Amino acid sequence: MKRGKYSQVSGSEQEANKKEAPRRREINETGRYLARRCDVLLHTLVWCAAAAFVIYYGDMYRVITTDSRIDHIFLNIFVLCVVIISGALFYMVIWLTWSLPIPVEDYSVYCPRVVHVSAGA
């Protein structure tokens, strides 16, 4: 075979390549999806472990409850806002996905007041 010259591929080889290409593309897309999913899961676990490490070894609970420099009015307002946001998040992400037979694509259309209340908190 001489270099630099192209020869026409027979029809049977072209058909085999056409049948093989969608399968390869499907495998590659599945692999990319799983890689993205594992990446997100790994980052989530690392951030949660870092938060737990800071809370535990920083002795945050004892400092918040016993330190005299903490202004408990603002601490209570902060805790109330966190509870409101967590409740809205639970309602939209967990409760709606379990109770509705259809997936909700845009929460600001389906439950706009919940979005506004959580944003205001």
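Computed from a predicted structure; not experimentally measured. Just so it is clear, the values below take in all heavy atoms, side chains as well, and ignore hydrogens, waters and symmetry mates.
Note on Val40: it does not cluster hydrophobically with Val46, by side-chain heavy-atom contacts below 4.5 Å among ILVMFWY residues. By the criterion of side-chain heavy atoms lying less than 4.5 angstrom apart, applied directly or through intervening Ile, Leu, Val, Met, Phe, Trp or Tyr residues, Trp98 is grouped together with Leu89 in one hydrophobic cluster.
Atom NE2 of residue His72 and atom OG1 of residue Thr65 lie 7.5 Å apart, to the nearest 0.5 angstrom.
Chaining together hydrophobic side chains whose heavy atoms lie under 4.5 Å apart places Leu80 alongside Ile84, Val117.
Among residues two or more places apart in sequence or in another chain, the side chain to side chain donor-acceptor pair (under 3.5 Å) test is passed with Arg36 by none. Every residue meeting the side chain to side chain donor-acceptor pair (under 3.5 Å) condition with Asp39, not counting sequence neighbours, appears here in chain and number order: His43.
Summarising the local packing, CD1 of Ile73 is surrounded by 12 or fewer heavy atoms from other residues, nucleotides or ligands at distances under 6.0 Å.
For the pair Gly58 and Val63, the tightest heavy-atom approach, listed with the atom from each and the gap, is O-CG2, 4.3 Å. Taking each heavy atom of Ile85 and Ser118 in turn, the nearest pair found is CG1-O, 3.7 Å.
Between Tyr61 and Ile55 the shortest side-chain heavy-atom distance does not fall below 4.5 Å. A 4.5 Å side-chain heavy-atom check between Arg62 and Asp67 finds every atom pair outside the cut-off.
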